[in-house]
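This report refers to the structure that appears directly beneath it.
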Amino acid sequence: MEIKHALLAADAEAQYDEKAKRLLGNKAILAHILVNIVDEFQGMAPEDVVPFIEGEPFISAVPVEPGLTNVVGKNGQRITGMNAEHTEIGEGLVQFDIICYVRMKDGISQMIVNVEAQKDTPSGYRLMNRAVYYVSRMISSQKERDFVKMNDDDIKKVFSIWICMNMKESSMDYVHLVSDRVLGSHPWEGGLDLLNIVMVGIAEPLTDQDGKGYELHRLLGALLSVELSAAEKFKIMEEEYNIKIDDRTREDVSEMCNLGQGVLEAGEARGIEKGAAQEKSRIIFKMYESGFHWNRLLTSQKKR
């Protein structure tokens, strides 16, 4: 039964993750993320930032792997825009959770923004290393799509924003290039602001409403919580963040809450079964320690 519960939990978690990505990919939510993280938009009202997000964000559609983020079409020309179509049979692809173009306030320049959602800190790899790889791919994949040949001055600024749930404390780290002058005073020209990583740690319980500097943490914590009801989430979104709840958002949040309950129940069932198995092992070990061996039990049964 434990395997059954594990499979149910895995399926519910996969569906929950997909709904979470769709919710974070909502332009109204992305606008709040941009206002709180990107200097270009700080001080602006989130609703005024929404028009700067171009098109519909790609959600679990753009491969990270080299050669697939931006591929060559059948006619030999580069495909304009990020590749969301290419897949290879039998090959599992790692894909950006959310990625989109965002127009700068000058109306001309663009940046590329990637948002990644993590339910906790992974144990199989170091998250910062993964983030560095992602921003590197976001830069290199621009060649022949956003800049041609060696026109490096056309490289677009990139942001990779990692939202990590279930952390011990709420936090935010901004990782970017800096210049440490070692000798001389020559001003090397170029954009040190091209590569940006932002790590956002969300802790439980939900950040207090009056916590200054933690407004984004409260919003993200509420959206991704598996314990808050849909009504509680809608109230926080509407009353505290002035986010209009359309039909799609209402559906996504409601389904997330249902899936979240399924994840909790499956996890609890697995916990009960695991606890029962551990208790059985403990009893058997105690019996062995006290000198009660199975061969004695079998011998006594044969005598009967």
Side-chain angles (χ1 to χ4, degrees), residues 20-21 24-46 48-50 52-53 57 64 96-106 109-122 125-142 146 155-182 187-204 206-208 211-224 241:
K21 293 174 191 176
L24 292 174
N26 183 303
K27 287 187 177 183
I29 305 300
L30 280 177
H32 276 273
I33 294 174
L34 293 174
V35 165
N36 282 275
I37 287 179
V38 181
D39 287 343
E40 174 80 6
F41 301 109
Q42 285 186 6
M44 292 181 63
D48 294 334
V49 175
V50 170
F52 291 97
I53 302 171
V64 178
F96 292 106
D97 281 358
I98 303 160
I99 192 165
C100 61
Y101 283 99
V102 177
R103 184 73 59 178
M104 307 287 273
K105 287 192 291 186
D106 62 11
S109 307
Q110 291 175 306
M111 68 176 72
I112 300 174
V113 176
N114 158 235
V115 178
E116 297 291 321
Q118 301 281 314
K119 64 178 179 291
D120 50 34
T121 302
Y125 58 89
R126 294 179 180 177
L127 201 58
M128 185 63 73
N129 291 354
R130 180 63 58 89
V132 170
Y133 174 63
Y134 273 41
V135 289
S136 300
R137 288 292 305 126
M138 291 165 69
I139 291 286
S140 65
S141 66
Q142 292 182 45
D146 296 303
I155 296 176
K156 291 175 170 54
K157 181 188 298 188
V158 302
F159 274 84
S160 187
I161 302 167
W162 293 71
I163 301 169
C164 306
M165 300 295 295
N166 300 309
M167 303 293 286
K168 292 183 179 179
E169 65 173 342
S170 291
S171 61
M172 184 184 295
D173 282 19
Y174 176 36
V175 182
H176 54 104
L177 298 176
V178 296
S179 175
D180 291 329
R181 185 165 287 128
V182 178
W188 298 97
E189 297 182 358
L192 289 179
D193 62 344
L194 290 178
L195 185 153
N196 302 273
I197 297 171
V198 181
M199 313 298 286
V200 182
I202 309 293
E204 292 284 353
L206 193 64
T207 304
D208 187 75
K212 287 187 177 181
Y214 291 94
E215 294 84 1
L216 180 60
H217 290 75
R218 180 170 172 80
L219 173 61
L220 295 175
L223 292 176
L224 301 178
Y241 296 90

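Throughout, numbering of the chain's residues begins at 1 and tracks the sequence.
Using a 4.5 Å cut-off on side-chain heavy atoms (C-beta onward), Leu224 and Ile202 make no contact. Contact annotation: the side chain of Gln110 approaches that of Arg103 to within less than 4.5 Å [non-hydrogen atoms, C-beta and beyond]. Contact check for Met128 versus Trp162: no side-chain heavy atoms found under the 4.5 Å cut-off. Looking only at side-chain heavy atoms (C-beta outward), Ile163 and Ile33 come within less than 4.5 Å of each other. With contacts defined as side-chain heavy-atom distances shorter than 4.5 Å, the pair Glu40/Phe52 does not qualify. Counting heavy atoms from C-beta outward, Asn196 and Val135 have side chains that stay 4.5 Å or more apart. At least one side-chain heavy atom of Met172 sits under 4.5 Å from a side-chain heavy atom of Val198. Counting heavy atoms from C-beta outward, Val102 and Leu30 have side chains that stay 4.5 Å or more apart.
To the nearest 0.5 Å, atom CE of residue Met165 and atom OG1 of residue Thr121 are 11.5 Å apart. Distance check: Leu24 CG to Asp97 CG gives 8.5 Å after rounding to the nearest 0.5 Å. Interatomic distance, Leu220 CG to Ser170 OG, rounded to the nearest 0.5 Å: 10.0 Å. Taking CG of Asp120 as the start and CE of Met167 as the end, the distance is 9.0 Å to the nearest 0.5 Å. The CE atom of Met104 lies 11.0 Å from the NZ atom of Lys156; values are rounded to the nearest 0.5 Å. For the atom pair OH of Tyr133 and CE of Met138, the computed distance is 13.0 Å after rounding to the nearest 0.5 Å.
Every residue was checked against the salt bridge (Lys or Arg N to Asp or Glu O under 4.0 Å) condition with Asp48, not counting sequence neighbours, and none meets it.
Here the closest heavy-atom approach between residue Ser179 and residue Leu192 is recorded as CB-CD1, 3.7 Å. When every heavy atom of Pro46 is checked against every heavy atom of Ala31, the shortest pair comes out as O-CB, 3.2 Å. A pairwise comparison of heavy atoms in Leu206 and Gly221 identifies CD1-C, 3.5 Å as the closest pair.
A distance-only check finds no donor-acceptor pair linking the side chain of Glu116 to the backbone of Ser160 [under 3.5 Å]. Of the possible donor and acceptor atoms, none in the side chain of Asn166 sits under 3.5 Å from a partner among the backbone N and O of Ala203. A donor-acceptor pair under 3.5 Å is absent between the side-chain atoms of Gln142 and the main chain of Ser140, judged by distance alone. In this structure, the side chain of His217 does not engage the main chain of Thr207 through any donor-acceptor pair within 3.5 Å.
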Check against side-chain contact (heavy atoms from CB on, under 4.5 Å), Leu177 and Leu194: CA-CA 8 Å; Leu177 298 176; Leu194 290 178; 5.7 Å; no
Working for side-chain contact (heavy atoms from CB on, under 4.5 Å), residues Asp146 and Tyr101: CA-CA 11 Å; Asp146 296 303; Tyr101 283 99; 3.0 Å; yes
Check against side-chain contact (heavy atoms from CB on, under 4.5 Å), Asn114 and Val158: CA-CA 8 Å; Asn114 158 235; Val158 302; over 6 Å; no
Audit row: Val200, Asn36, side-chain contact (heavy atoms from CB on, under 4.5 Å) steps and yes/no: CA-CA 11 Å; Val200 182; Asn36 282 275; over 6 Å; no
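Ring planes of Phe159 and Tyr174: parallel class, angle under 30° (limits at 30 and 60°).
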